[in-house]
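Side chains included, hydrogens not; waters and symmetry mates left out as well; all remaining heavy atoms used. Source: prediction; values computed, not measured.
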Amino acid sequence: MSGTPSIREFRDADYDAVVRLWREAGLTIKPSDTLPELRKLMDRNPGLFLVAEEDGAVAGTVIGAWDGRRAWVYHLAVLPARQGRGTGRMLMDELERRLLAVGATKLNLLVERGNAGVADFYRKLGYAPDDLLFMTRRLG
């Protein structure tokens with residue numbers, strides 16, 4: 001890959017390439033990452049699942065969600081061979097622009113402990129740790 005990436009919205013036909021990218025980038029694939037589950041997210045948040053495409057191939061992804069109060073970032077991932085070239089920043093800039101357009105004023109993200117090295121990237125973009133205890137419960 002040698003071209004400049006372009007940012008566009010995710011299409012269902014991208015799914016297999018996106019999952020491969022997530023795995024190659026070290027993301028944990030969870031039950032909420034199936035295409036039907038992702039469609040639910042996209043139905044609630046149109047235009048917020050973005051891919052970076054370079055030379056006709058998916059080179060990066062980011063998913064945004066807006067609940068009317070807070071916005072969230074999910075699955076920012078860039079192919080390891082593309083990292084450090086601005087693709088992640090391009091995806092985040094475009095996602096932030098789109099979230100601002102729908103009224104978001106605060107953006108949250110979580111970093112898995114196994115991927116803590118990415119925290120420096122987010123700090124460079126202006127993100128900072130918050131003093132929260134994150135808790136979860138699975139339903140059903």
Side-chain angles (χ1 to χ4, degrees):
M1 291 188 182
S2 59
T4 301
S6 59
I7 307 299
R8 64 170 174 78
E9 293 178 18
F10 171 88
R11 298 186 288 252
D12 284 359
D14 297 324
Y15 181 74
D16 290 338
V18 164
V19 171
R20 278 192 304 276
L21 178 145
W22 288 344
R23 285 192 174 114
E24 191 172 335
L27 270 63
T28 303
I29 308 300
K30 298 181 179 167
S32 59
D33 295 324
T34 64
L35 187 54
E37 290 298 309
L38 290 168
R39 281 189 189 128
K40 289 180 195 176
L41 182 75
M42 291 184 294
D43 287 346
R44 281 187 63 100
N45 298 278
L48 297 179
F49 187 166
L50 305 175
V51 298
E53 185 176 65
E54 184 179 340
D55 297 333
V58 175
T61 67
V62 69
I63 302 172
W66 164 241
D67 66 12
R69 183 166 183 221
R70 297 286 186 258
W72 286 88
V73 175
Y74 301 101
H75 288 17
L76 175 66
V78 175
L79 286 172
R82 253 322 280 173
Q83 292 175 4
R85 299 182 185 175
T87 304
R89 179 179 288 274
M90 285 178 61
L91 284 162
M92 289 296 290
D93 287 348
E94 180 62 17
L95 181 63
E96 289 177 6
R97 185 188 69 72
R98 290 176 183 225
L99 286 165
L100 275 167
V102 297
T105 58
K106 183 178 180 183
L107 186 53
N108 298 316
L109 59 88
L110 301 171
V111 176
E112 291 181 342
R113 291 186 196 279
N115 195 22
V118 77
D120 286 340
F121 168 79
Y122 288 116
R123 282 187 186 95
K124 289 177 185 172
L125 297 181
Y127 291 79
D130 206 339
D131 190 25
L132 296 172
L133 172 61
F134 182 71
M135 299 174 74
T136 186
R137 178 177 179 211
R138 300 226 184 269
L139 301 176

>> Quick check: is Leu100 connected to Trp72 through a chain of hydrophobic side chains (ILVMFWY, heavy atoms under 4.5 Å apart)?
In response: no
Where is the tightest heavy-atom contact between [X] and [Y], given as atom of each residue plus distance?
X: Phe121; Y: Arg89; answer: CZ-N, 3.8 Å
X: Ala65; Y: Tyr74; answer: CB-CE1, 3.7 Å
X: Pro5; Y: Met90; answer: O-CE, 3.4 Å
X: Ala17; Y: Val58; answer: CB-CG2, 4.2 Å
X: Leu91; Y: Gly60; answer: CD1-C, 3.7 Å
X: Ala77; Y: Ala25; answer: CB-CB, 3.9 Å

Check whether any side-chain heavy atom of [X] lies under 4.5 Å from a side-chain heavy atom of [Y], and answer yes or no.
X: Lys30; Y: Asp33; value: yes
X: Leu95; Y: Leu48; value: yes
X: Glu37; Y: Leu41; value: no
X: Glu94; Y: Arg97; value: yes
X: Leu38; Y: Ile63; value: yes
X: Asp12; Y: Met42; value: yes

[atom1]/[X] to [atom2]/[Y] distance, rounded to the nearest 0.5 angstrom?
X: Thr4; Y: Asp55; atom1: OG1; atom2: CG; answer: 9.0 Å
X: Asp14; Y: Arg20; atom1: CG; atom2: CZ; answer: 10.5 Å
X: Glu54; Y: Leu79; atom1: CD; atom2: CG; answer: 8.5 Å
X: Arg39; Y: Thr34; atom1: CZ; atom2: OG1; answer: 9.0 Å

> Between Arg98 and Glu9, does at least one N-O distance fall below 4.0 Å, as a salt bridge requires?
Replying inline: yes
>> Which residue in the set Leu50, Val78, Thr87 passes side-chain contact (heavy atoms from CB on, under 4.5 Å) when paired with Val62?
In response: Leu50
>> Listing request: all salt bridge (charged side-chain N to carboxylate O under 4.0 Å, His left out) pairs with a residue in residues 57-76, at least two apart in sequence or in separate chains.
In response: none
> Got a sec, which pairs hit ring-ring contact (aromatic ring centres under 6.0 Å, His included) with one end in residues 5-28, sequence neighbours left out?
Replying inline: Phe10-Phe49, Trp22-His75
>> Once ring-ring contact (aromatic ring centres under 6.0 Å, His included) is applied, what residue pairs with a partner in residues 26-45 remain, sequence neighbours excluded?
In response: none
